[in-house]
Protein chains: 2
Amino acid sequence: MASPAKGPNLKTVASAVGVSVATVSNAYNKPDHLSAELRTRIFATARELGYAGPDPAARSLRGRHSGSIGVLSTVQLSYAFTDPYCTAYLAGVADAAERYQTSVLLIPLAPRGVSSDEEVRQSVVALRNAVIDGVVIDGIDDGHPALRVVDERRLPRVRSTDDPAGRCVLIDDRAAGELLGRHLAGLGHRNVSVVAASVHAPGQISVAADDGELYPYARLRVAGLRDGLGAGGHVTVMAVGPNRTEDGQAATAEILRREPRPTAIAATSDALALGVIAALRERRAGPGAEVSVTGFDDIPAAVAAGLTTVRQPIREKGRLMARMLLDPSLTQRRIVLPAELIVRTSTAPAPAVTSATSASR
Amino acid sequence: MASPAKGPNLKTVASAVGVSVATVSNAYNKPDHLSAELRTRIFATARELGYAGPDPAARSLRGRHSGSIGVLSTVQLSYAFTDPYCTAYLAGVADAAERYQTSVLLIPLAPRGVSSDEEVRQSVVALRNAVIDGVVIDGIDDGHPALRVVDERRLPRVRSTDDPAGRCVLIDDRAAGELLGRHLAGLGHRNVSVVAASVHAPGQISVAADDGELYPYARLRVAGLRDGLGAGGHVTVMAVGPNRTEDGQAATAEILRREPRPTAIAATSDALALGVIAALRERRAGPGAEVSVTGFDDIPAAVAAGLTTVRQPIREKGRLMARMLLDPSLTQRRIVLPAELIVRTSTAPAPAVTSATSASR
DNA sequence: TCGTTCTAGTAGAACGATACACAAATCCAT
DNA sequence: ATGGATTTGTGTATCGTTCTACTAGAACGA
């Protein structure tokens, strides 16, 4: 990128008008520290010389404040704009930013697991160089190097998962998972498979030995689900790349190939759950018939799909996260938003116990 | 927003290691201008002191380069994320930015016509203060003050409409409009109403006396449509707020109230066209039956709606606009992308001439 | 006339980094 | 040993602001 031509600056204008630079600076920043007459005279010559006002970079350096906040996410930006969860979240962040006349800097980060370590390191460069006052962080697994950079740079940060060292806005994922678990248990489901977002590459699917590789929010939802199902419940976790409908579909194919077949499949997001439903449809097994399906988020498409899910106020979450950064009067360290179980047609009573399932105990 | 605590800087590190600041700077920027041993020693002490590397603001000032580009749009950010056109465009911009390790700054601008002059002026402040290397501009009417600021700041810019003074990526809107016009003419349509995006407030609807108040792209599409319809065609233009489906619906209600009724309604975007279709459905007049409907853009929802439209490569447009800013080898001033007529079921032969229409000549 | 308070403006030191020109040390081929 | 590269490293001016402390003069009351 070509450097912009060197233009006029405070000094240029000051000497043209015949005053000091401080005075010109004041003309822009402290209107009442100089006479109105002088002020208009300064603006007139500024316009003449083509001076556009104080340089943002210099001002940021001097003032230690840039008027923009960063949005961190390992979701490919190009994908982020097509994902209903992401757009709702971003819209919320934008709401708050708009109100505080702040701009929003989208910082592309390579997701671990998908990209090579080198790519990840490379992608963090953009974060290192970003001129921002703080960051909101959503959907980044705990080990990502970007988090260390945020720390090192001492950037104020707000996360959407519990963060002992910092502030956060979140729902009680564990309790929400429990709602789902109890709902399923109440319908007689004992054998449940979970399709859970992990740091896996898209397309990569595996049975999760432990829950360590899952995203924090997914881990909590699964834990809650276990609690909710109670002692009689049996849960298998299928770890997939984060949040792509295709992966939910592929994971379901794999699940249905195994014995014992679960009577319900819970996904850690609606996007994945839509994939689960698609896979069932392919096999002429409508959701809610042989197999019940649950999601998480309550994105608009969930309504049409009849998906039982947990509604969380996504946009409100983004809005609050940004406000925490921008509004000094908002001093809470941790805000828990309400989540609500939405029961639709994708869940139904478990079918009578088959020989396969009873044999499995 | 609280200023971050004052941390260590180049000087701190330099004196701790016992070298000059220039050397520490080189350790970060020119690895081969110092010995590997010294370099690792510098990094070690930097880590110890909690130094996160060169300060972005200072670097931007000195280097006249910030590593981020701005996206200008008068579409409310909160809405932008839900609009298929906008998200496709943003995804394209993000594609290119990602490849050049550049971040994307969304700059919220108040739309003229909707907001007060004061609000517009206020919103431009964010643009004034943005630390960016250039901007891509889409969907801003020619008179918006933001354009003057971009000029004054001498920011490199790429627009999506013809810009005599600058570079642009666009489709031939006029020719595309002509495609639609000829298609309609070929089906026997003579009396066509247009629902066109203008600087109007959302909800505000009026018959456009001339095309001056329309957005530039809309103006061209209407002009092309006129050409395509030929001498026998009769066009009424209904100006509405930009791109909201509800407005397309309301405008259609108004159109249908008037005599003579058009046999076809052309909208300057698919979003508006979906509103037209909704209005027709409300009146049990399916699109393609009594009244034909055309859109523009070919967003995903157009397929489901059976909408005849012009497909433009939206994402590719965003991608190229950003690349023009970031890739010095891309020197073209003006790039025209292909647009293609997609005929679906929303257009059909005009019904036999009714007394109302024949009376109107 | 003095002392005090305003008003309108100024000088100069940061802010933190990078580029340029230069210098000392090392190395290689004469 | 000499001359010339090459490698490493150093001072210092500069980017364009804003902030702190200060001053000259006017205004004002007593």
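Numbered from 1 within each chain, the chains take letters A, B, ... in sequence-line order. Heavy-atom basis, side chains included; hydrogens, waters and symmetry copies ignored.
Between B:F81 and A:Y89, the ring centre distance reaches or exceeds 6.0 Å.
In this entry the distance linking NE2 of A:H33 with C1' of D:dT17 reads 16 Å, nearest Å. D:dG16 atom P lies 14 Å from atom CG of A:L49, rounded to whole Å. Distance A:L61 CG to C:dA13 C1': 13 Å, rounded to the nearest Å. Taking atom CG of B:L38 as the reference point, atom C1' of D:dT7 lies 13 Å away to the nearest angstrom. The nearest whole Å value for the distance from the CG atom in B:D55 to the P atom in D:dT17 is 17 Å. Counting to the nearest Å, the P atom of D:dT18 and the NE2 atom of A:H65 are 13 Å from each other. Rounding to whole angstrom units, OH of residue A:Y28 and P of D:dT17 are separated by 9 Å. The nearest whole Å value for the distance from the NZ atom in B:K11 to the P atom in C:dC15 is 7 Å.
Of the side-chain N and O atoms in B:R64, one or more sit less than 4.0 angstrom from OP1 or OP2 of D:dG16. Between A:S35 and C:dT7 there is no side-chain N or O to OP1 or OP2 distance below 4.0 Å. For the OP1/OP2 pair of C:dA19 and a distance below 4.0 Å, the side-chain nitrogens and oxygens of B:K30 include at least one atom meeting the criterion. Residue B:N26 places none of its side-chain N or O atoms closer than 4.0 Å to OP1 or OP2 of C:dT18. OP1 or OP2 of D:dT18 lies within a sub-4.0 Å distance of a side-chain N or O belonging to A:R59.
Side-chain atoms of A:N9 and A:T12 include a donor-acceptor pair closer than 3.5 Å. There is no side-chain donor-acceptor pair under 3.5 Å between A:N243 and A:Y85. Using modelled atom types and a 3.5 Å distance limit, the side chains of B:D138 and B:S73 yield no donor-acceptor pair.
Contacts of B:L34 with the nucleic acid, taken as non-hydrogen atoms under 4.0 Å apart, involve only primed sugar atoms and P, OP1 or OP2. At a threshold of 4.0 angstrom between heavy atoms, the contacts of B:T23 include nucleobase atoms, whether or not backbone atoms are also involved. B:R62 comes within 4.0 angstrom of a base, heavy atoms only. Residue B:Y51 is in sugar-phosphate contact alone, with no base atom involved, counting any heavy-atom pair closer than 4.0 Å across all strands shown.
Side-chain proximity of A:A58 to D:dG16, D:dT18, C:dA17: nearest is D:dG16.
In a base pair of the Watson-Crick type (N1 to N3 plus N6-O4 or O6-N4) or a G-U wobble (N1-O2 and O6-N3), with each distance short of 3.5 Å, D:dG29 is matched with C:dC2. Nucleotide D:dT23 has C:dA8 as its partner under the Watson-Crick or G-U criteria, with both atom distances under 3.5 Å.
Checked by atom type and distance alone, the side chain of A:H144 pairs as donor or acceptor with a backbone atom of A:A110 at under 3.5 Å.
Positionally, the nearest nucleotide of DNA chain D for B:A22 lies more toward the 5' end than for the other of A:S25 and B:A22.
Note: A:Y51 and A:Y28 have perpendicular aromatic rings, judged against thresholds of 30 and 60 degrees for the angle between ring planes.
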